[in-house]
Amino acid sequence: MQFDILHRDNGTAARAGVIVTDHGVIESPFFMPVGTAGAVKALHIKDLSDVVKAQIMLSNTYHLYLRPGADIISRAGGLHKFNGWTKPILTDSGGYQIYSLGDIRKFTDNGVVFQSHIDGSKHVFTPEKAMDVQRELGADIIMAFDECTPYPCDEAYARKSMKRTHHWLKRCVTRFEETACPHGYSQALFPIVQGSVYPELRVESARFISGIGAEGNAIGGLSVGEPAGMMYEMTGLVCGILPDLKPRYLMGVGTPANILESIALGIDMFDCVMPTRNGRNGMLFTRNGIINIKNEKWKDDFSPLEAEGEVFPDLQYSKAFLRHMFISKEILGPMIATTHNLGFYIWLMKEARKEITLGTFAGWKERMVKQLMQRL
RNA sequence: GGGGGGAUACCAGAGCGGUCAAAUGGGGCAGACUGUAAAUCUGUUGGCACAGCCUUCGAAGGUUCGAAUCCUCCUCCCCCCA
């Protein structure tokens, strides 16, 4: 994997660059639609690629390991062959799932014992296992096995957990170096900074992660319920320490405003379920603000979803029609909303990139943040 | 013509003397959702001057301290036999 910074903004830490992988080029900053089980819910890969114009998708080790199983995907020739997505893929390691699994998991010295959310069966995940499975899945970028701390989290636990993540990282790196992708192309391993909302821990973790010399670095454990200001503070702090010339990935973020603010702090990569999940639940992100399409006030609004929009559904469907689809529980409702939201997110990233290139990102961002988060 | 069953809030449907402004489901309305156990979950759904009061359980009378629940009568619906 190769990363080059092509432009830097005037007045913020934002940068525009390019990542080259064996499955193609990605222009940064970028947003990765989440396709947990190997597919972005409610979307064909053709729409993901040609309509939404996603450059890369994210998938999940935990889910694919449980079902259909890494062996099946490996026998298919890797995840790209299995799901038909020929562009880059990033897989998350399963650390976040173990966090969100709550009380059906427990930590051991070796790794994590957890129960499947599907059938309750017991499984053990270790750093080595996370690497082995991700090698078989064959994503272009794979993530270290970490522990995502909840919010709030006391400092003693956050420190202990961070140390564990660091320790696990070393094991991940060792295993990663001992193995190769069985499908014949290269993979990059990204380590993850933790440390909850404690500046000293974040600094310590960012330094440790930087020392690994990875091809890219991620920030985890944020956007788990802490105030946005705290998230920006931690992100800015960590960005100041992580290598400048490597891509920075802020995991799980976020709202359009969160993303623009984080780009300004030096983040290049994002993923979030918000455009897809909230879309399926009737929330539309638009250039003018947020719409809850199920609200009665849209019932006779025949204006297009987004008059200035460039994505297929924007002009094709009216608000009244989409509301009708949702109220009638038609499958097309979630499909339209997902397509629109992802198209919007990716359009927003493209615009951000353009502004960075022009060196005018800061002012544009201020205007957009206010506008995008309004409730319509 | 004879016999039987039933009418409950927007709909369906429990309740069968007090703890009932009335279970439950649907529908309606609103909210939540940030590395997806999510096409999910939560709240609300008679009125108001709202820790209380007022008007509701087909209509009208009645019994009772007290009725959606018991009695009388009226109206309408359904089933069976002829």
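Every chain is numbered from 1, with letters handed out A, B, ... down the list of sequences. As the structure is a prediction and not an experimental result, all values here were calculated from the model.
Aromatic ring orientation, Phe125(A) versus Tyr65(A): perpendicular (interplanar angle above 60°, classes split at 30° and 60°).
Annotation: C10(B) and G47(B) have their P atoms spaced 10 Å apart (nearest Å). Annotation: C33(B) and A39(B) have their C1' atoms spaced 14 Å apart (nearest Å). Comparing U36(B) with A32(B), their P atoms sit 22 Å apart, to the nearest whole Å. Taking atom P on both nucleotides, U55(B) is separated from A68(B) by 12 Å, rounded to a whole Å. Distance noted for atom P between G31(B) and U8(B): 33 Å (whole Å). Rounded to whole Å, the separation between the C1' atoms of G61(B) and G27(B) comes to 37 Å. Only the P atoms considered, A30(B) is 22 Å distant from U34(B), to the nearest whole Å. Comparing the same atom, C1', in G18(B) and in C41(B) gives a spacing of 37 Å after rounding to whole Å.
By the 4.5 Å heavy-atom criterion applied to side chains, Asp140(A) and Leu90(A) are not counted as neighbours.
Between His123(A) and Tyr62(A), the side chains place no donor N or O within less than 3.5 Å of an acceptor N or O (distance only, hydrogens not considered). A donor-acceptor contact closer than 3.5 angstrom is absent between the side chains of Thr61(A) and His63(A).
Atom CD1 of Ile19(A) and atom CD1 of Ile141(A) lie 5.0 Å apart (nearest 0.5 Å).
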- Query: Reading nucleotides 34-40 of chain B from the 5' end, what letters show protein touch, with B for base, S for backbone sugar-phosphate only, - for no heavy atom under 4.0 Å?
  - Reply: BBBBBBB
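In this structure, CD1 of Ile327(A) is placed 15 Å from P of G26(B), rounded to the nearest angstrom. To the nearest angstrom, P of G28(B) lies 14 Å from CG of Asn292(A). Between Phe326(A) atom CZ and G28(B) atom P the separation is 14 Å, expressed in whole Å.
The partner of G35(B) is absent, by the rule that a Watson-Crick or G-U pair needs both atom distances under 3.5 Å. Nucleotide A23(B) has no partner under the Watson-Crick or G-U criteria, as no pair reaches both atom distances under 3.5 Å. A 3.5 Å limit on both hydrogen-bonding distances identifies G6(B) as the Watson-Crick or G-U partner of C76(B). Under the Watson-Crick or G-U wobble criterion, with both distances below 3.5 Å, A30(B) is paired with U42(B). Base pairing annotation: U64(B) forms no Watson-Crick or G-U wobble pair, as no partner gives both donor-acceptor distances under 3.5 Å.
Heavy atoms from other residues, nucleotides or ligands lying under 6.0 Å from CZ of Arg159(A) number 12 at most.
Taking only side-chain nitrogens and oxygens, Arg323(A) comes nearer than 4.0 Å to OP1 or OP2 of C29(B).
For the pair Arg8(A) and Phe361(A), the cation-pi test (distance below 6.0 Å, angle within 45°) is failed. Under the 6.0 Å distance and 45° angle rule, Arg164(A) counts as a cation-pi partner of Phe107(A).
Within the 4.0 angstrom heavy-atom criterion, no nucleotide atom of any strand lies near Arg105(A).
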